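As structure tokens, the structure follows; a few thoughts come after it.
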Amino acid sequence: QVQLVESGGGSVQAGGSLRLSCAASGYTYSSYYMAWFRQAPGKEREGVAVLGSDGRTRYADSVNGRFTISRDNAKNTLYLQMNSLKSEDTAMYYCAAGSWLRLERMFFDYWGQGTQVTVSS
């Protein structure tokens, strides 16, 4: 059974940094596209960044240049380094596994439970 477990969320002031982690188990981790999504209260879940096993990435315009997605296949772990955080980055962040280099929710089959990120201005 596929399991994705996020960690690393917390509270930070605007301009600060956080690194999220997602530990994966139960499947061939390296064969999937891995992504981060986020959902703020009252808003739709949106794709933040996606990373393929070949190293290709795609970022949402709102985070491009500030966030970096990476993976350690030996540890079955996905990361999201978030720098220059803004109050509008406040959301629940979810890790997801799928089969496309896309940022739309419909292309992802497996989801974690989320980790909360709160950025205060």
Side-chain angles (χ1 to χ4, degrees):
Q1 182 163 346
V2 175
Q3 285 194 323
L4 301 172
V5 180
E6 301 94 336
S7 61
S11 297
V12 64
Q13 289 191 329
S17 298
L18 280 175
R19 189 177 81 155
L20 305 183
S21 299
C22 172
S25 63
Y27 66 106
T28 306
Y29 171 77
S30 61
S31 64
Y32 279 82
Y33 290 90
M34 299 296 297
W36 289 97
F37 284 73
R38 66 186 182 186
Q39 188 167 16
K43 294 188 176 181
E44 294 290 320
R45 191 171 298 187
E46 63 174 355
V48 173
V50 57
L51 171 63
S53 58
D54 57 3
R56 289 185 297 160
T57 59
R58 182 169 289 183
Y59 292 92
D61 290 343
S62 59
V63 306
N64 199 19
R66 299 188 297 122
F67 290 11
T68 302
I69 189 171
S70 62
R71 64 197 293 171
D72 185 334
N73 287 341
K75 296 182 178 180
N76 285 3
T77 302
L78 179 74
Y79 302 100
L80 184 68
Q81 178 66 45
M82 305 186 294
N83 298 328
S84 302
L85 283 161
K86 305 175 181 180
S87 57
E88 51 262 45
D89 295 318
T90 294
M92 184 72 78
Y93 283 71
Y94 297 90
C95 171
S99 302
W100 298 89
L101 193 73
R102 298 289 296 266
L103 288 173
E104 291 83 10
R105 185 175 179 177
M106 62 183 290
F107 293 104
F108 291 84
D109 304 308
Y110 304 104
W111 295 85
Q113 294 300 305
T115 186
Q116 177 68 37
V117 172
T118 303
V119 184
S120 57
S121 56

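Here the structure is a predicted model, which means the values were calculated and not measured.
- The two residues Ser17 and Gln81 make their nearest non-hydrogen contact at CB-NE2, 4.0 Å.
- Atom-to-atom distance recorded for Met92:CE and Phe37:CZ is 16.0 Å, nearest 0.5 angstrom.
- The two atoms that bring Thr77 and Ser21 nearest to each other are CG2-CB, 4.3 Å, heavy atoms only.
- The minimum heavy-atom distance between Leu103 and Tyr59, with the atom names listed, is CD1-C, 3.7 Å.
- Counting non-hydrogen atoms of neighbouring residues, nucleotides and ligands closer than 6.0 angstrom, the CD atom of Glu88 exceeds 12 such neighbours.
- Side-chain heavy atoms closer than 4.5 Å link hydrophobic residues (I, L, V, M, F, W, Y) into clusters, and following such links, possibly through other members, connects Val2 to Met34.
- If you take CZ on Arg19 and OG on Ser7, they are separated by 9.0 Å, rounding to the nearest 0.5 Å.
- With rounding to the nearest 0.5 Å, the separation of CZ in Arg71 from CG in Leu80 is 13.5 Å.
- Here Tyr93 contributes atom OH and Gln116 contributes atom CD; the two are 9.0 Å apart, rounded to the nearest 0.5 Å.
- The cationic group of Arg102 does not satisfy the cation-pi geometry with Tyr33, failing either the under 6.0 Å distance to the six-membered ring centre or the 45° limit from the ring axis.
- In this structure, Glu46 and Arg38 approach most closely via the heavy-atom pair OE2-NE, 2.7 Å.
- Of all the heavy atoms in Ser87 and Ser121, the pair that sits closest is CB-CB, 4.4 Å.
- Note: Ser84 OG to Phe67 CZ = 9.0 Å, rounded to the nearest 0.5 Å.
- Val5 and Trp36 are members of different hydrophobic clusters when ILVMFWY side chains are connected at heavy-atom separations under 4.5 Å.
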### Query
Val119 and Met82: side-chain contact (heavy atoms from CB on, under 4.5 Å), yes or no, with the steps?
CA-CA 11 Å; Val119 184; Met82 305 186 294; over 6 Å; no
### Message
Checking Gln13 against Leu85 for the side-chain contact (heavy atoms from CB on, under 4.5 Å) test, could you report, in this order, the C-alpha distance in whole Å, the side-chain angles of both residues, the deciding distance, and whether it holds?
### Response
CA-CA 8 Å; Gln13 289 191 329; Leu85 283 161; over 6 Å; no
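- Annotation: cation-pi pair Arg105/Trp111 present, NZ/CZ under 6.0 Å from the ring centroid and within 45° of its normal.
- Tyr32 and Tyr110 have perpendicular rings, their planes meeting at more than 60° on a 0 to 90° scale where under 30° would count as parallel.
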### Query
Could you walk me through whether Phe108 and Val50 pass the side-chain contact (heavy atoms from CB on, under 4.5 Å) check?
CA-CA 11 Å; Phe108 291 84; Val50 57; 3.9 Å; yes
### Task
Determine, stepwise, if the pair Asp89 / Arg66 fulfils side-chain contact (heavy atoms from CB on, under 4.5 Å).
CA-CA 11 Å; Asp89 295 318; Arg66 299 188 297 122; 2.8 Å; yes
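- Nearest heavy-atom pair, Leu20 versus Gly9, reported as atom, atom and distance to 0.1 Å: CD2-N, 3.6 Å.
- In this structure, Gln39 contributes its side chain and Ala91 its backbone to no donor-acceptor pair below 3.5 Å.
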